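Indexing begins at 1, ligand by ligand and atom by atom, following the structure's order. Note that the structure is a prediction, hence the values are computed from the model and not measured.
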Amino acid sequence: MIETLSLPPDQAGISNAAQMLRAGQLVAFPTETVYGLGADARSDIAVANIYKAKGRPSFNPLIVHVASLEAATKFVDFPPEFMRLAKIFWPGALTLVAPVKQNSGISDLVTAGLPSLAVRVPTHPLAIRLLEVFSGPIAAPSANPSGQISPTTTAHVLDGLSGKIAAVLDGGACEVGLESTIIGIAGENSDIVLLRPGGLSKSVIEDAIGNKIDASPAEKIVAPGQLTSHYAPISNLRMNVDNPSANEAYLAFGNGLELSNCLDLSPSRDLDEAASNLFAHLRKLDVLACQKRLQGIAVAKVPSVGLGLAINDRLNRASAPRS
Ligand code: TXA
Ligand code: MG
C-alpha cells in the first residue's frame with residue numbers, strides 16, 4: 001500500500017502530477033468523459049503497473065492521450081477520413097484506432113501486441129495542461145478496478161484505487177460522464193466502424209462525415225474490453241422497468257418523482273444530463289441497495305437515440321451475467 005495523494009487543480013498540482021508521471025508513477029486525472037489512470041505510455045514498467053493496479057487483463061489495450069492532432073500523428077498513421085474526424089471533433093470524446101507507427105516509442109503493453117493504437121485528445125483543461133507540462137503521451141484507461149463502474153469524481157477514483165496509485169489530480173465532476181466513442185477501420189474498403197459507443201454520439205459523427213457508420217463490424221473487430229461483463233455494480237440490475245417493486249432501488253429517467261430509494265437520471269428526460277449522472281447514480285443506488293438489503297436495482301427504459309445508445313450499452317453490460 002502507498003499513500004495516494006489528492007493533488008489540487010492548480011499549477012503546483014499539475015506540475016507535481018507531471019513529475020510523478022516522469023518518475024514512472026501512476027496518476028489519475030480528470031478528462032471530460034471519465035477520470036483516467038495515467039502513466040507514461042513509453043515506459044513498460046509504468047504501463048505494467050496500470051494493469052496491476054486495475055487488475056486488468058493484459059490483452060485489453062489502453063488509450064493513449066496526447067495534447068494535439070500533431071502529437072497524435074507522431075505515433076499513428078491516420079487515413080484521410082481520420083484526419084477529418086480529428087479536425088472536427090478533437091479535442092473531445094472521440095478515440096481513433098489506427099495503425100501504430102514503427103518505432104513509435106509507445107510501450108508494446110499499451111497496444112497489447114496489436115498493430116493498432118487508440119489515441120485521443122481530451123478537452124478537459126486540466127488534462128490538456130497535464131499533457132503539455134508532462135510533454136509526452138499518457139496511457140490512461142478509466143481509473144477504476146477492472147470490470148467496475150467508471151469514475152466521474154475524485155472520490156470515485158479513491159474508492160477503487162486508493163493505496164494503489166501515487167495520486168489523483170482533483171478536477172471535480174466530469175462533464176460528459178461516459179467514456180469516449182471509439183472509431184476504427186475495418187475491411188478491404190477501410191470502412192469506418194464504431195468500436196464502442198460513447199460520449200460523442202454516432203449520429204453527430206455521421207452528420208459530420210455525411211455517411212452512416214457500421215455499428216457491428218462484419219469482421220467482428222471489437223474493442224477487446226467490450227467483450228465481457230463490465231461497469232458491474234454489486235447489485236443485480238433489472239432493465240426496462242416502469243414500476244419498480246417496493247424492495248428495489250430505482251434508476252429513473254424522468255419518472256422518479258414520488259418514489260423512495262430512487263434517483264432520476266434526468267427529470268426533464270435530457271440524454272446529455274442522463275449520461276453525466278449515470279455512473280454516479282449507479283454507484284449511489286448500489287450502496288443504498290446493499291445497505292438496505294434491497295433485491296437489486298430496477299432501471300427505467302432509456303431511448304436509444306443520441307447518447308442513449310451509449311447509456312444503454314453501459315447499462316446492458318452492467319446487467320450482463322458476471323464472468
Ligand atoms: O473516455 C475514455 O475513453 C476514457 C478516458 C480516460 O479517456 N478511457 C477509457 O479507457 O475508457 P478504457 O481502458 O476504460 O477503455 C479503452 C477501450 C477498451 O475497451 C480497449 O479494449 C479499447 O479501448 N482499445 C484500446 N486500444 C485498442 C485497439 N488498438 N484496438 C481496439 N480497441 C482498443
Ligand atoms: Mg474502462
Side-chain angles (χ1 to χ4, degrees), residues 26-39 41 47 50-51 53-66 75-77 89-100 104 106-124 126-128 130-131 137-152 156-157 160-161 168-169 171 174-186 193-200 217 219-232 275-276 279 307 310 313-314 317-318:
L26 302 183
V27 179
F29 62 97
T31 82
E32 69 282 15
T33 59
V34 300
Y35 274 72
L37 179 57
V47 174
I50 289 184
Y51 288 94
K54 277 181 65 89
R56 181 178 175 109
S58 59
F59 56 78
N60 189 6
L62 309 175
I63 297 173
V64 164
H65 298 68
V66 290
F75 306 114
V76 280
D77 286 317
F89 294 112
W90 277 1
L94 175 69
T95 293
L96 296 168
V97 176
V100 63
S104 66
I106 300 289
S107 163
D108 286 340
L109 294 173
V110 169
T111 56
L114 292 173
S116 59
L117 177 70
V119 279
R120 162 166 122 80
V121 179
T123 172
H124 196 294
L126 282 174
I128 287 291
L130 179 61
L131 284 160
I138 301 179
S142 51
N144 53 281
S146 188
Q148 296 183 16
I149 301 170
S150 296
T152 54
H156 295 166
V157 174
L161 296 175
V168 51
L169 186 58
C174 303
E175 200 180 322
V176 177
L178 290 173
E179 303 87 342
S180 61
T181 301
I182 307 183
I183 294 282
I185 318 161
V193 291
L194 182 70
L195 299 179
R196 175 177 75 182
L200 177 65
E219 285 181 306
K220 296 232 172 359
I221 50 159
V222 286
Q226 297 303 99
L227 290 173
T228 43
S229 147
H230 225 85
Y231 311 103
S276 73
F279 292 145
L307 286 192
D313 172 81
R314 304 304 187 267
R317 285 177 210 292

Number the atoms of ligand 1 from 1 as they appear, then name those within less than 4.0 Å of a heavy atom of [X], with their elements.
| X | answer |
| --- | --- |
| Asn60 | 18 (C), 20 (C), 21 (O) |
| Ala118 | 25 (C), 26 (N), 27 (C) |
| Val97 | 28 (C), 29 (N), 30 (N) |
| Leu114 | 28 (C), 29 (N), 30 (N) |
| Gly36 | 6 (C) |

### Task
Please test Ile183 against Val193 for side-chain contact (heavy atoms from CB on, under 4.5 Å), starting from the C-alpha separation and ending with a verdict.
CA-CA 6 Å; Ile183 294 282; Val193 291; over 6 Å; no

### Task
Using heavy-atom distances, let me know which of Thr33, Leu200, Val64 sits nearest atom 1 (O) of ligand 1.
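That would be Thr33.
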
### Selected option - heavy-atom contact closest to atom 24 (N) of ligand 1, from Pro99, Pro61, Ala112, Ser180
Pro61

Would you say that [X] contacts [Y] through its side chain, given a criterion of any heavy-atom pair below 4.5 Å between the two side chains?
| X | Y | answer |
| --- | --- | --- |
| Phe279 | Arg314 | yes |
| Leu62 | Tyr51 | yes |
| Ile185 | Ser116 | no |

### Query
Do the side-chain N and O atoms of Thr31 and Arg120 include a donor-acceptor pair separated by under 3.5 angstrom?
yes

### Query
Are side-chain N/O atoms of Ser150 and Glu179 paired as donor and acceptor at under 3.5 Å?
yes

## Note on the structure
Between Cys174 and Thr33, the two heavy atoms sitting closest are CB-O, 3.3 Å

#### Entry: Rounded distance (nearest 0.5 Å) linking atom OG1 of Thr111 with atom CZ of Phe75
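Nearest 0.5 Å value for the OG1-CZ distance: 13.0 Å.
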
### Task
Indicate if the distance from the Mg ion (ligand 2) to the nearest N, O or S atom of Ser150 falls below 2.8 Å.
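Not a single backbone or side-chain N, O or S atom of Ser150 is under 2.8 Å from the Mg ion (ligand 2).
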
Any N or O of [X] closer than 3.5 Å to N or O of ligand 1:
| X | answer |
| --- | --- |
| His65 | yes |
| Arg120 | yes |
| Glu179 | no |

### Message
Which residue in the set Leu200, Leu307, Leu195 passes side chain to side chain contact (heavy atoms under 4.5 Å, CB included) when paired with Thr181?
### Response
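Per the side chain to side chain contact (heavy atoms under 4.5 Å, CB included) rule, the option paired with Thr181 is Leu200, out of Leu200, Leu307, Leu195.
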
### Query
For ligand 1, is there an atom lying under 4.0 Å from some heavy atom of Thr111?
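No, Thr111 has no heavy atom closer than 4.0 Å to ligand 1.
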
### Query
Counting only heavy atoms, which portion of Arg56 has something under 4.0 Å from ligand 1: side chain, backbone, both, or neither?
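Contact part for Arg56 vs ligand 1: side chain (C-beta onward).
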
### Query
Considering only heavy atoms, does Ile182 approach ligand 1 within less than 4.0 Å through its side chain, its backbone, both, or neither?
side chain

